[in-house]
Amino acid sequence: MPKPCVIQKQELAKLVESGEILVGEKVVETEYTSFKVDTVTNCVVRSNCKLAAQKIRLIDIRKRLLAKHEGLGLIRNQPDAYYEQLPSMQVSTKLEELNENTEITKEEDLCSHLKKISHQRFLKVWHDHSCIANHEHFLVVVSCIYDPAFYFTPAELGGVDVQSIVEKPELHILARSNATLEDQVLFNKSRLECVKELISDPLPTSTGVPVRDILRFFHGDGPAQQFEAGNNIGGTYPCVCCAVNAESISDLEYAFKCPTRTLTERQQFVISGCAWKKGGVNPFDKLKVAQLRKELNERGLKTDEKKKPELLEMLKSTRQVISNLPPLLQPNPKATLDTLGLDQYEISPCEPLHDLKSHFSNIIEETEHLLSRNELTEFQVIKAAVLGKATLRCSDYRKAMILFYLKLNEIKADQTIVDIFQSAVHMSHLLYTSDYHRTPKAILALHNLSFLHGMLCTEVFSAATSSVFGRYFHSLTTHSPILFRIVSMRSINTEDQERMFGQAKMITKATSCNRPNEIITNILQRVQMESRSHEMTVSDKDESEVRKLHQTIGPRCNTMYSNSFITRHAPQYQAHLERISDYLLPGEGTWWKQSTDGVEFLDGQVENNVSDKGPKLMHFRTTSMRDIEIYLQQKWEDCILSRVKLPANDIQHYIPYESNPDMETMIEKTHSSIQIEDLSIPTLECTTPIEVTVSTSMDNTVRISQPEYSHQQPKPQYYTSLVRSLYEHNILLPSKTLAKFDLARHKLKNLSSSATVNDALQTEYTKLRLLIKNKLQKRIMELTSDTKLQNIAKRLLSHEWMTG
């Protein structure tokens with residue numbers, strides 16, 4: 001039975017007086033204008049009031065969480081002397097258990113590294129807007145990230161779900177604020193002041209053990225991610241991690257090869273010009289002609305005799321999605337990240353709650369148009385039963401997807417549609433799994449399931465008209481497996497953070513008189529009071545229900561790629577293999593095996609979670625998303641050069657001579673029985689290095705030659721090293737356009753047909769040539785940070801292919 005309001009107020013006052021509940025401090029005072037009708041005169045009365053946001057300082061939150069988790073016995077809290085007396089073998093074993101793949105050899109350095117990671121605690125931040133008492137409010141929330149180096153595991157504490165406890169969110173800033181960029185940037189300075197305190201002396205536990213806090217991730221919905229990264233909100237480039245074009249999201253080969261962008265790279269791009277100095281939420285907006293010329297000239301671009309529309313297009317092509325500095329860098333634009341406490345800060349490109357909910361909604365909507373009348377009737381019954389509510393959570397969509405899959409499989413609907421729902425269900429299960437179940441096998445399974453799901457969607461839904469291929473599709477298929485390699489996706493989830501707004505609304509409705517100057521203080525205090533309870537949260541209950549329902553579909557089987565699938569999607573399949581190259585390096589029989597029907601990956605629930613042959617888990621405490629990208633590129637090169645057997649019929653690998661002058665000697669030494677054939681690939685000039693194709697396949701043979709041309713499945717084979725360099729760096733066009741260009745050129749060169757056919761081919765060739773030429777001219781303006789590639793593109797423009 002709930003306590004009377006009087007008693008609750010008395011208890012709250014005592015807790016505030018004792019300091020257990022923090023009042024916070026006022027920051028960012030803003031003046032608001034309100035209007036109301038005078039009941040006596042029936043006139044509109046205008047009044048002004050000043051409202052200040054309230055902030056609980058980050059250092060106070062850190063101290064309270066440290067004391068709370070220490071009191072619950074969740075942290076290891078071992079002093080330096082404990083690690084110093086450990087035998088060197090035990091130190092190595094502990095580091096291996098924590099997935100620290102360090103190359104340190106000295107015993108004292110190993111011990112120092114173990115002490116360092118055991119005394120680190122990582123934080124994540126979230127923010128969003130919502131309506132409370134008929135007004136927009138801005139909420140910033142901070143929470144810890146579960147790390148077994150700092151916290152005990154459930155096995156050590158008798159099954160206690162440590163991750164669920166330590167990742168409960170804490171309210172940091174609450175303000176009445178409109179959901180505009182102009183209002184959000186007002187809090188940048190106040191937020192940064194708290195973050196910079198992380199650099200100072202670490203916090204001590206009750207026993208004197210120092211704990212250093214590190215801000216590691218931002219997680220939130222799409223607009224919040226884009227604001228935190230300094231991106232345009234929405235638009236042609238929706239991703240905060242890479243520069244993928246929204247029109248090409250369905251091309252997984254292209255999406256997989258888009259390089260990631262770090263905060264440092266974003267910062268360097270903005271300050272390399274001069275527009276940022278004028279300030280504002282978008283310094284590149286509303287520039288005059290003189291300002292445009294100066295900005296472009298600062299970036300090394302020529303603007304002679306160009307008019308304003310052309311200058312605007314040049315600037316747009318140059319900056320793409322970047323509209324400003326990331327907000328935490330705006331108070332000190334030229335400061336290095338380590339001096340601000342942001343040296344390990346990354347913005348998560350994937351957030352399971354919103355990505356799964358929106359993607360599943362799109363799939364359900366599109367699938368209804370593909371089912372027969374009887375199938376649609378069954379489908380709509382489930383939809384009405386599970387999704388017929390006014391307020392829908394992600395858990396509702398996850399339940400619906402499981403039920404849809406079971407029903408479609410039962411009534412034997414089209415197998416491809418069934419497979420789409422099956423892969424989606426298993427993918428969502430992995431994205432909500434805890435850190436304790438993040439294993440090498442689970443990572444491989446998510447890679448395979450997300451890729452398979454993406455390719456099946458491209459087979460069923462139209463890329464031109466379907467709503468499936470948007471930002472949510474891209475986040476799930478491209479970035480979720482990479483992020484899962486370093487952190488549990490449950491840690492990136494925002495279920496509890498999103499529910500804080502619902503909690504604030506209920507508190508305001510039940511305990512507030514709705515006066516603007518009292519709402520924030522009341523919420524701030526009562527949220528803290530309610531967080532003292534250790535009862536199961538709504539998200540825990542929803543997750544329990546979804547897991548019980550998921551058990552009805554049985555264990556997840558191994559991922560199988562048929563021979564026909566591999567043939568149909570050869571370029572995309574190879575791009576996928578490059579992203580799991582560390583699983584291919586041990587060879588056949590470890591993580592995959594060949595069968596007469598195709599390739600089977602050993603990632604089902606009955607398979608081993610780990611292998612002695614690798615790969616090992618990586619962790620966010622020492623690894624970033626950019627590190628993963630570099631690591632996978634190196635492993636793919638190792639696969640090619642070591643002649644390891646690969647699960648594909650044909651692998652295309654391009655090695656420019658300019659990157660390795662001794663490449664021919666190296667390959668002959670590695671593959672002594674292989675002869676390099678003469679390549680008739682045209683070059684721009686005699687000094688231009690050519691490229692070779694290294695092909696390896698499931699029969700364990702490697703050939704280094706120009707592959708035979710296939711009219712049925714055109715591939716870019718006649719490209720010079722310049723074209724290939726541009727293509728490999730994702731700065732030209734998707735492979736389909738290049739393949740069409742290549743095919744037209746090949747036919748014109750080798751086919752003797754009627755004049756009419758030749759005229760048609762010439763028209764097609766000219767059209768594609770102009771398309772590529774225009775794209776190159778546009779991209780040259782964007783390559784300000786890579787002079788080498790910019791010069792390559794300029795040289796290509798002067799080649800006879802481009803000039804006709």
Side-chain angles (χ1 to χ4, degrees), residues 352 356-388 392 394-433 441-442 444-462 466 468 473 476-477 542-566 568-569 595 597-607:
L356 287 175
K357 179 182 177 182
S358 301
H359 181 60
F360 286 175
S361 176
N362 292 335
I363 287 180
I364 292 168
E365 180 183 351
E366 295 287 339
T367 303
E368 287 184 300
H369 304 297
L370 305 174
L371 300 176
S372 65
R373 181 176 299 178
N374 293 336
E375 292 169 347
L376 182 59
T377 301
E378 299 282 359
F379 196 85
Q380 289 178 338
V381 168
I382 297 174
K383 183 177 179 181
V386 184
L387 303 178
L392 293 173
C394 181
S395 58
D396 296 318
Y397 280 97
R398 292 172 64 201
K399 293 174 189 176
M401 290 296 285
I402 296 173
L403 294 173
F404 284 142
Y405 162 65
L406 291 172
K407 179 55 68 175
L408 292 173
N409 191 45
E410 178 188 336
I411 63 179
K412 300 192 182 304
D414 181 85
Q415 189 57 46
T416 306
I417 294 178
V418 174
D419 290 342
I420 286 176
F421 279 81
Q422 183 186 37
S423 57
V425 166
H426 289 310
M427 187 168 60
S428 68
H429 181 73
L430 289 172
L431 290 175
Y432 271 78
T433 193
K441 182 185 72 176
L444 176 62
L446 186 57
H447 268 288
N448 281 321
L449 287 167
S450 58
F451 170 67
L452 182 62
H453 178 77
M455 294 312 303
L456 292 174
C457 285
T458 61
E459 290 184 353
V460 172
F461 306 117
S462 169
S466 176
V468 169
F473 174 88
L476 293 171
T477 57
D542 287 343
E543 183 61 23
S544 177
E545 292 176 6
V546 174
R547 290 190 177 278
K548 287 179 182 178
L549 185 58
H550 188 273
Q551 291 174 0
T552 62
I553 67 176
R556 186 183 70 251
C557 299
N558 289 341
T559 303
M560 182 75 185
Y561 297 108
S562 65
N563 291 324
S564 61
F565 178 93
I566 295 173
R568 290 197 313 273
H569 306 295
S595 66
D597 298 327
V599 175
E600 180 180 355
F601 282 90
L602 310 178
D603 56 4
Q605 285 184 236
V606 299
E607 304 293 344

Q: Are the side chains of Asp414 and Leu370 in contact, using a 4.5 Å heavy-atom criterion?
A: no
Q: For the residue pair Val468 and His359, establish whether any side-chain heavy-atom pair is separated by less than 4.5 Å.
A: yes
Q: Under a 4.0 Å threshold between the charged nitrogen and the carboxylate oxygen, would Glu545 count as salt-bridged to Lys548?
A: no
Q: Ring centroid separation for His447 and Phe451, is it under 6.0 angstrom?
A: no
Q: Please find the pair of heavy atoms, one from Ala400 and one from Ile382, that lie closest to each other, and give the distance.
A: O-CG2, 4.4 Å
Q: Can you confirm whether Glu366 sits close enough to Cys457 that some side-chain heavy atom of one is under 4.5 Å from a side-chain heavy atom of the other?
A: no
Q: When you measure from the side chain of Glu607 to the backbone of Gly604, do you find a donor-acceptor pair of N or O atoms at a distance under 3.5 Å?
A: no
Q: Which is it for Val386 and Phe404 under the side-chain contact (heavy atoms from CB on, under 4.5 Å) test, yes or no, and what are the steps along the way?
A: CA-CA 10 Å; Val386 184; Phe404 284 142; over 6 Å; no
Q: Does any part of the side chain of Thr552, heavy atoms only, come nearer than 4.5 Å to the side chain of Leu406, both counted from C-beta?
A: yes
Q: Should Glu543 and Arg398 count as an ion pair when the cut-off is N to O under 4.0 Å?
A: yes
Q: So His426 and His453, side-chain contact (heavy atoms from CB on, under 4.5 Å) or not? Walk me through it.
A: CA-CA 10 Å; His426 289 310; His453 178 77; over 6 Å; no
Q: Classify the ring geometry of Phe421 against Phe379: parallel below 30°, tilted from 30° to 60°, perpendicular beyond 60°.
A: perpendicular
Q: Identify the heavy atoms of Ser595 and Met560 that sit nearest to each other, and give their distance.
A: OG-CE, 3.2 Å
Q: To the nearest 0.5 Å, what is the distance between CD on Glu368 and NZ on Lys383?
A: 3.5 Å
Q: Measure the spacing between CG of Leu371 and CZ of Arg373 and express it to the nearest 0.5 Å.
A: 13.0 Å
Q: At their closest point, which heavy atom of Ile411 faces which heavy atom of Glu375, and how far apart are they?
A: CD1-CG, 3.7 Å
Q: Would Tyr397 and Leu356 satisfy side-chain contact (heavy atoms from CB on, under 4.5 Å), going step by step from the backbone distance to the final call?
A: CA-CA 8 Å; Tyr397 280 97; Leu356 287 175; over 6 Å; no
Q: What closest approach, in Å, do Gln605 and Lys441 show between heavy atoms, and which atom pair accounts for it?
A: O-NZ, 3.2 Å
Q: To the nearest 0.5 Å, how far apart are OG in Ser544 and CG in Leu549?
A: 11.5 Å
Q: Taking the side chain as C-beta and beyond, is there a heavy-atom pair between Met455 and Arg568 under 4.5 Å?
A: no
Q: With a 3.5 Å distance limit and no angle check, can you tell me whether Lys407 reaches the backbone of Glu378 through a side-chain donor-acceptor pair?
A: no
Q: Given 3.5 Å as the limit, does a donor-acceptor pair link the side chain of Ser423 with the main chain of Asp419, or not?
A: yes
Q: Side-chain contact, heavy-atom cut-off 4.5 Å: Ile420 with Tyr405?
A: no
Q: How close do Pro352 and Cys394 get, heavy atom to heavy atom, and via which atoms?
A: O-SG, 4.3 Å
Q: A side-chain contact here means heavy atoms from C-beta on lying under 4.5 Å apart; do Met401 and Ile364 qualify?
A: yes
Q: If every non-hydrogen atom of Phe601 is compared with every non-hydrogen atom of Val599, which pair is closest and at what distance?
A: CE1-CG1, 3.8 Å
Q: About how many Å separate CZ of Arg547 and CG of Asp542, when rounded to the nearest 0.5 Å?
A: 12.5 Å
Q: Give the C-alpha distance, both sets of side-chain angles, the deciding distance and a yes or no for side-chain contact (heavy atoms from CB on, under 4.5 Å) between Val460 and Leu456.
A: CA-CA 6 Å; Val460 172; Leu456 292 174; 5.6 Å; no
Q: Is there a side-chain contact between Leu444 and Leu602 (heavy atoms, below 4.5 Å)?
A: no
Q: What's the spacing between Ser358 OG and Ile363 CD1 if we round to 0.5 Å?
A: 11.5 Å
Q: Can you tell me how far OG1 of Thr367 sits from CG of Leu408, rounded to the nearest 0.5 angstrom?
A: 8.0 Å
